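Data first, discussion second: the structure below is written as structure tokens.
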There are 2 protein chains.
Amino acid sequence: MARADTSRADLVHERVRTMIREGLLAPGARVREADLADLVGVSRTPVREAISRLVSEGQLVTSGGRGFAVARLDRQQVIELYALREFLEAASARFAAQHASETEIEALRELLEESRTLARDPQRLAVLNKRFHAAIGSAGHNRYGEQALSRLSDHLALVPGTTFEMAGRAEIVHAEHTAILDAIDDRDADRAEAAARVHIRQAGKARLKLLFDRI
Amino acid sequence: MARADTSRADLVHERVRTMIREGLLAPGARVREADLADLVGVSRTPVREAISRLVSEGQLVTSGGRGFAVARLDRQQVIELYALREFLEAASARFAAQHASETEIEALRELLEESRTLARDPQRLAVLNKRFHAAIGSAGHNRYGEQALSRLSDHLALVPGTTFEMAGRAEIVHAEHTAILDAIDDRDADRAEAAARVHIRQAGKARLKLLFDRI
DNA sequence: ATGAATGGTATTGCATGCAATGGTGTGGCC
DNA sequence: GGCCACACCATTGCATGCAATACCATTCAT
């Protein structure tokens with residue numbers, strides 16, 4: 001079985017990522033090789049490969065001497081994460097302004113419409129928000145940028161809560177997203193980059209405020 | 001043996017990275033699990049973990065149905081790499097301007113001096129150049145930024161040749177590095193960011209020219 | 001009652017063995 | 001002489017088994 005479009009290790013890796021993203025595996029939660037092996041129905045060997053990758057990616061940490069745990073970010077890490085995100089989203093927006101196809105821009109427009117009209121609850125808005133940023137990343141047609149962004153998004157999933165719980169946040173985000181998309185649509189790379197940067201700076205501020213209030 | 005400061009998988013991973021960085025493993029070179037296991041003196045299990053990580057990082061690719069090979073970047077990938085690098089180095093420079101200690105700035109100054117006075121051959125200059133950029137990354141005190149930069153540097157190692165082979169390149173690089181460091185020293189984040197961006201754009205142009213000429 | 005020592009146990013780290021797969025070389029046939 | 005088929009072999013994917021370790025609970029002594 002030297003071939004398989006997706007190895008069992010990939011399966012486990014993806015499964016854990018999803019579980020973290022969906023909150024089934026919260027920061028600090030313990031992760032055991034044998035448990036994962038049972039859950040996915042494979043032996044410990046591919047599980048180890050997946051875990052090894054997740055540790056090197058920073059999603060899991062080796063918990064003392066006793067197994068692994070989902071990483072838990074401290075305040076400083078969240079600050080650093082958003083500081084870098086400012087640049088990565090700015091890069092994405094610029095690339096999208098330069099390289100997005102008309103179809104991709106339309107898809108972005110639809111995502112924006114959906115979050116404005118259909119979505120009310122914070123959870124759904126948070127999902128749509130993630131999709132919007134991922135779609136910009138993919139519209140930039142830069143493999144390295146997209147991968148860096150996807151990894152950063154994995155790390156963001158380790159920060160508890162969503163800023164969409166805050167009153168008025170949805171409207172602000174919508175306005176900022178619109179500004180980014182309009183700039184991309186106009187093929188104005190500088191403006192797209194600047195708009196993305198402003199957006200992430202505001203998002204970071206909101207996030208830290210939320211984190212500070214609830215801790 | 002549930003504890004070891006560095007597992008055998010880490011050892012293999014680091015070893016391969018180093019071999020690629022130092023050119024012992026050129027892009028396209030075949031990589032076999034058993035060979036690596038013999039080389040490092042471990043069994044195939046930790047080797048597989050390391051390879052799995054290297055593949056997910058993009059350093060290795062699964063070569064058809066037959067084993068692995070060191071990744072080979074095409075022209076488009078090099079373009080994308082430098083497009084992203086512009087942003088990551090800009091981020092690094094900004095962070096360094098904001099957070100570098102005086103000691104770190106002094107170390108940067110010394111690296112610059114060394115490459116101006118001591119180094120003549122392209123290989124040595126390329127090494128010093130890498131160290132300079134890595135030092136800026138580390139002086140920024142942003143874990144995520146530093147890791148993203150280190151990963152990008154691994155990818156750069158997959159591009160053959162060095163621009164320091166080009167006549168007059170050393171002087172240009174030195175001037176641009178000086179501009180970045182001066183801005184960091186002045187704690188002028190905007191200027192540092194802009195200078196880094198200009199530098200990488202020029203570096204990218206030089207790199208593509210070199211690649212185009214030799215292919 | 002509290003602290004320290006000790007044995008048991010949960011859990012990882014690694015090696016080995018086996019099966020599956022795809023390429024590669026060889027021989028036969030047209 | 002060229003082409004196709006077949007068998008072999010190299011190489012990976014995975015499961016299992018064993019050893020080592022650090023935690024945890026329990027017990028004993030003070």
Side-chain angles (χ1 to χ4, degrees), chain A residues 1-20 24-72 158, chain B residues 1-20 24-72 158:
Chain A
M1 206 200 287
R3 278 274 10 170
D5 259 321
T6 142
S7 71
R8 305 191 187 195
D10 289 340
L11 253 149
V12 175
H13 183 264
E14 204 47 46
R15 185 78 169 258
V16 173
R17 271 187 77 199
T18 304
M19 285 172 74
I20 293 177
L24 278 83
L25 230 38
R30 239 183 119 180
V31 171
R32 271 185 288 267
E33 292 183 1
D35 288 356
L36 280 179
D38 287 351
L39 183 70
V40 184
V42 299
S43 85
R44 277 182 51 222
T45 304
V47 171
R48 296 203 88 245
E49 270 180 41
I51 287 184
S52 160
R53 262 148 68 180
L54 289 160
V55 168
S56 89
E57 288 162 12
Q59 295 285 108
L60 298 183
V61 294
T62 95
S63 171
R66 194 74 154 195
F68 305 92
V70 179
R72 197 197 289 278
L158 299 172
Chain B
M1 204 202 288
R3 277 275 12 160
D5 259 321
T6 141
S7 72
R8 305 192 188 194
D10 289 340
L11 253 149
V12 176
H13 183 264
E14 204 45 47
R15 184 77 169 258
V16 174
R17 270 186 77 199
T18 304
M19 286 172 74
I20 293 178
L24 278 84
L25 230 38
R30 239 184 118 179
V31 172
R32 271 186 288 266
E33 291 183 1
D35 289 353
L36 280 179
D38 287 351
L39 183 71
V40 184
V42 300
S43 86
R44 277 181 50 221
T45 304
V47 171
R48 295 202 90 245
E49 271 180 39
I51 288 185
S52 160
R53 261 149 70 181
L54 288 160
V55 168
S56 89
E57 287 161 13
Q59 295 286 108
L60 299 183
V61 294
T62 96
S63 172
R66 193 77 154 190
F68 306 91
V70 178
R72 197 197 290 277
L158 299 172

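Keep in mind that what you see is a predicted model, and the values were worked out from it rather than measured. Here is the naming used below: chain letters follow the sequence lines, and residue numbers restart at 1 for every chain.
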Between A/L39 and A/R15, is there a side-chain heavy-atom distance shorter than 4.5 Å?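 Side chain of A/R15 against side chain of A/L39, heavy atoms only: contact under 4.5 Å found.
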
Atom [atom1] of [X] and atom [atom2] of [N]: how far apart are they, to the nearest Å?
X: A/R30; N: D/dC24; atom1: CZ; atom2: P; answer: 8 Å
X: A/D10; N: D/dT12; atom1: CG; atom2: P; answer: 16 Å
X: B/E33; N: C/dA15; atom1: CD; atom2: C1'; answer: 14 Å
X: A/L11; N: D/dC14; atom1: CG; atom2: P; answer: 9 Å
X: B/R66; N: C/dA20; atom1: CZ; atom2: P; answer: 17 Å
X: A/F68; N: D/dT21; atom1: CZ; atom2: C1'; answer: 14 Å
X: B/D38; N: C/dT16; atom1: CG; atom2: C1'; answer: 14 Å
X: A/H13; N: D/dC14; atom1: NE2; atom2: P; answer: 15 Å

Strictly below 4.0 Å: does [X] bring a side-chain N or O up to OP1 or OP2 of [N]?
X: A/R8; N: D/dA15; value: yes
X: B/R32; N: D/dT11; value: yes
X: A/R44; N: D/dC14; value: no

If we ignore angles and hydrogens, is there a donor and acceptor under 3.5 Å between the side chains of B/S52 and A/R53?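 Looking only at side-chain atoms, A/R53 and B/S52 do form a donor-acceptor pair, the distance falling under 3.5 Å.
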
Pairwise 5' ranking along DNA chain D for B/T45 and B/V31, keeping only the more 5' one: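 Closest to the 5' end, via its nearest nucleotide, is B/V31.
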
Among B/V70, B/T18, B/L60, side chain to side chain contact (heavy atoms under 4.5 Å, CB included) partner for B/L25: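 Testing B/L25 for a side chain to side chain contact (heavy atoms under 4.5 Å, CB included) against B/V70, B/T18, B/L60 leaves exactly one candidate, B/V70.
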
Just verifying a value: how many Å separate B/I51 CD1 and B/R44 CZ, rounded to the nearest 0.5 Å?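 One gets 9.0 Å once the value is rounded to the nearest 0.5 Å.
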
